[in-house]
Peer 1: 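My questions will all concern the structure given below.
Position 1 is the first residue of the sequence, and the numbers go up from there.
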Amino acid sequence: MAGWTEKDIPDQRGRVAVVTGSNSGIGYAAARELARRGARVVLACRSEARGTDAGDRIATEVPGAEVEFARLDLGDLASVGQFAAAFPYDRLDLLVNNAGVMALPYGTTADGFETQFGVNHLGHFALTGLLLPALLATPGARVVTVSSMMHSMANIDINDLNSERRYRRWIAYARSKTANLLFTHELARRLAAHGADVVAAAAHPGYAATNLQTAGPRMSGRKAGERFMEVGNRFFAQSAEAGALPTLYAATAPDVSPDSFTGPHWAMWRGSPGPSWRASWTCNDRAGERLWAASEKLTGVACGRLTV
């Protein structure tokens, strides 16, 4: 995979992809490149205005691109259910669980979950479960969930998934990204036990310049923090396009293994895609089982077809 770029993406004609949070950042870059290679891409975004604008921009950059907007608010399980119920295709080749929030002030989703855990993990857990029939019906389908190198800051607390005892925004973010990796691990294990050929993999962008870094400081009114993040994005981060490469590799490269974790090869920070280090707690079967069971209970989405 040394030197792998978007030019190495295999032909995607005839394939259907859903990319969450694809109106900006690495989600937009990933959706655009999948469309460039011929995939029909569903832009699953919370804002209709930003989602349709993203579709228009991709159509301008990639003449003939097959892209469409569908509203999805991962912080509202009713919206997740509506998206899945209205999904118009009988196949789904690629689900990219990309959307996320980072280091926000304490808040809750429409269903009362701590926002980062609710959006980053529970929303994607429910979405994957509801789209599972289409994924299982599609030979060679993949689920790629975007985590972060910052997962290494904290393991989940199965007894305090919603950070009700104490909220620290960066620890809550790290726990949600650990949950992404544990979910991938458990999903891969259950798919294998089911005999399915769906590949569940994870990726992370390293340090990529997106609006993810500045949203938290802006929401909490921390002007100095917002400026600090802006400077970091300008001088130290790689581009969103470069940050999207690990996701695109995990989504399309022929040799991707179940439960693999792909990131930038240079110190998990930047560069072409390569195998990424991950904390040992993200590969713990018992922890994966417990998170899966808790996620089913919290979301009401039971992935009964994937029992182990």
Peer 1: Are M153 and Y173 side-chain neighbours, meaning at least one heavy-atom pair lies under 4.5 Å?
Peer 2: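 With C-beta onward as the side chain, the pair stays apart.
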Peer 1: Over 60° means perpendicular and under 30° means parallel, so classify the ring planes of F83 and F87, tilted if in between.
Peer 2: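 Judged by the thresholds at 30° and 60°, the geometry between F87 and F83 is tilted.
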Peer 1: Please state whether the rings of H151 and F261 are parallel, tilted or perpendicular, taking 30° and 60° as the class boundaries.
Peer 2: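 The rings of H151 and F261 stand perpendicular, inter-plane angle above 60°.
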Peer 1: So which heavy atom on A35 is nearest to which on V41, and how close?
Peer 2: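 Looks like N-CG2, 3.8 Å.
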Peer 1: Quick check: is L182 connected to W292 through a chain of hydrophobic side chains (ILVMFWY, heavy atoms under 4.5 Å apart)?
Peer 2: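 No, it is not one cluster - the side chains of W292 and L182 are not joined through contacts under 4.5 Å.
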Peer 1: Among L135, L136, V143, which residue meets the side-chain contact (heavy atoms from CB on, under 4.5 Å) test with L191?
Peer 2: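 The single option meeting the side-chain contact (heavy atoms from CB on, under 4.5 Å) with L191 is L136.
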Peer 1: Any chain of hydrophobic side-chain contacts (each under 4.5 Å) joining L104 to F113?
Peer 2: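 Each belongs to a different hydrophobic cluster.
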Peer 1: Going by an N to O cut-off under 4.0 Å, is there a salt bridge joining R37 and E6?
Peer 2: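 Answer for the salt bridge query: no.
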Peer 1: Give me the other members of the hydrophobic cluster that Y167 sits in, counting Ile, Leu, Val, Met, Phe, Trp and Tyr linked by side-chain heavy atoms under 4.5 Å, directly or via other members.
Peer 2: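 Once heavy-atom contacts under 4.5 Å are chained together, Y167 belongs with Y106.
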Peer 1: Any sub-3.5 Å donor-acceptor pair from N162's side-chain atoms to E114's backbone N or O?
Peer 2: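 Yes, the answer is positive, given that a donor and an acceptor are paired below the 3.5 Å cut-off.
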Peer 1: Evaluate side-chain contact (heavy atoms from CB on, under 4.5 Å) for T262 paired with W4, printing each intermediate quantity in order.
Peer 2: CA-CA 12 Å; T262 303; W4 195 92; over 6 Å; no
Peer 1: Over all heavy atoms of both residues, which pair between A244 and A29 is shortest? Give the atoms and the distance, please.
Peer 2: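 A244 and A29 have their closest heavy atoms at CB-CB, 3.8 Å.
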Peer 1: Under a 4.5 Å cut-off applied to non-hydrogen side-chain atoms, are H121 and S295 in contact?
Peer 2: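 They are in contact (side-chain heavy atoms under 4.5 Å apart), so the answer is yes.
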Peer 1: Closer than 3.5 angstrom, by distance alone: can the side chain of S239 be matched with the main-chain N or O of A242 as a donor-acceptor pair?
Peer 2: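 Such a contact is found between S239 side chain and A242 backbone.
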Peer 1: Could you walk me through whether F117 and S163 satisfy the side-chain contact (heavy atoms from CB on, under 4.5 Å) test, starting with their C-alpha distance in whole Å, then the side-chain angles of each, then the deciding distance to 0.1 Å, before giving a yes or no?
Peer 2: CA-CA 9 Å; F117 181 68; S163 300; over 6 Å; no
Peer 1: Mark yes or no for whether S147, through its side chain, and A203, through its backbone, hold a donor-acceptor pair below 3.5 Å.
Peer 2: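 Not at all, since once roles are kept as given, no pair shorter than 3.5 Å links the two residues.
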Peer 1: So, does T138 use its side chain to make a donor-acceptor pair with the main chain of L92 at under 3.5 Å?
Peer 2: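 Yes, T138 side chain to L92 backbone: donor-acceptor pair under 3.5 Å.
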Peer 1: Identify the heavy atoms of V146 and N98 that sit nearest to each other, and give their distance.
Peer 2: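 Of all heavy-atom pairs spanning V146 and N98, the closest is CG2-CA, 3.8 Å.
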Peer 1: What pair of heavy atoms forms the shortest contact from S257 to A201, and how long is it?
Peer 2: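 Looks like O-CB, 4.2 Å.
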Peer 1: Could you tell me whether the side chain of D11 and the main chain of R13 form a donor-acceptor pair under 3.5 Å?
Peer 2: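 Flag set: sc D11 to bb R13 pair under 3.5 Å.
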Peer 1: Keeping the roles fixed (side chain from R142, backbone from A250), state whether a donor-acceptor pair exists under 3.5 Å.
Peer 2: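 It does hold such a pair.
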Peer 1: I156, F125: one ILVMFWY side-chain cluster at the under-4.5 Å cut-off?
Peer 2: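 No, I156 does not connect to F125 through the hydrophobic network.
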Peer 1: Of N120, T128, T20, which meets side chain to side chain donor-acceptor pair (under 3.5 Å) against N97?
Peer 2: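 That would be T128.
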Peer 1: Under a 4.5 Å cut-off applied to non-hydrogen side-chain atoms, are V80 and L72 in contact?
Peer 2: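 When only atoms from C-beta onward are counted, L72 and V80 do touch, with a gap below 4.5 Å.
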Peer 1: Listed by chain and number, what are the salt bridge (charged side-chain N to carboxylate O under 4.0 Å, His left out) partners of R168, not counting sequence neighbours?
Peer 2: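 So R168 forms no salt bridge (charged side-chain N to carboxylate O under 4.0 Å, His left out) with any residue.
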Peer 1: Looking only at heavy atoms, what is the nearest atom pair of R290 and I158, with distance?
Peer 2: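 In terms of heavy atoms, the two residues are closest at NH2-CG2, 3.3 Å.
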Peer 1: Has D73 got a side-chain atom pairing as donor or acceptor with S79's backbone, closer than 3.5 angstrom?
Peer 2: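 Between the backbone of S79 and the side chain of D73 there is no qualifying donor-acceptor contact (under 3.5 Å).
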Peer 1: Apply salt bridge (charged side-chain N to carboxylate O under 4.0 Å, His left out) to residues D259 and R278 and explain how you reach the verdict.
Peer 2: CA-CA 11 Å; D259 200 27; R278 62 196 286 183; 3.3 Å; yes
Peer 1: Could you please spell out the steps behind the side-chain contact (heavy atoms from CB on, under 4.5 Å) verdict for H124 and L74?
Peer 2: CA-CA 7 Å; H124 282 127; L74 290 161; 3.3 Å; yes
Peer 1: Looking at every non-hydrogen atom in both residues, tell me the closest pair between L34 and Q12 and how far apart they are.
Peer 2: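 Smallest interatomic distance, heavy atoms only, reads O-CB, 4.1 Å.
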Peer 1: Hey, is the main chain of R46 close enough, under 3.5 Å, to the side chain of E48 for a donor-acceptor pair?
Peer 2: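 Checking the backbone N and O of R46 against the side chain of E48, no donor-acceptor pair under 3.5 Å is found.
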Peer 1: Before you tell me yes or no, could you show the steps for W277 and M149 under side-chain contact (heavy atoms from CB on, under 4.5 Å), namely the whole-Å CA-CA distance, both residues' side-chain angles and the distance that decides it to 0.1 Å?
Peer 2: CA-CA 8 Å; W277 174 89; M149 60 184 176; over 6 Å; no
Peer 1: Using a 3.5 Å distance criterion without hydrogens, assess whether the side chain of T178 forms a donor-acceptor pair with backbone atoms of A154.
Peer 2: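 Yes, the answer is positive, given that a donor and an acceptor are paired below the 3.5 Å cut-off.
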Peer 1: When you measure from the centre of the six-membered ring of Y28, is the NZ or CZ of R57 closer than 6.0 Å and no more than 45° off the axis?
Peer 2: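 R57 over Y28 ring: yes.
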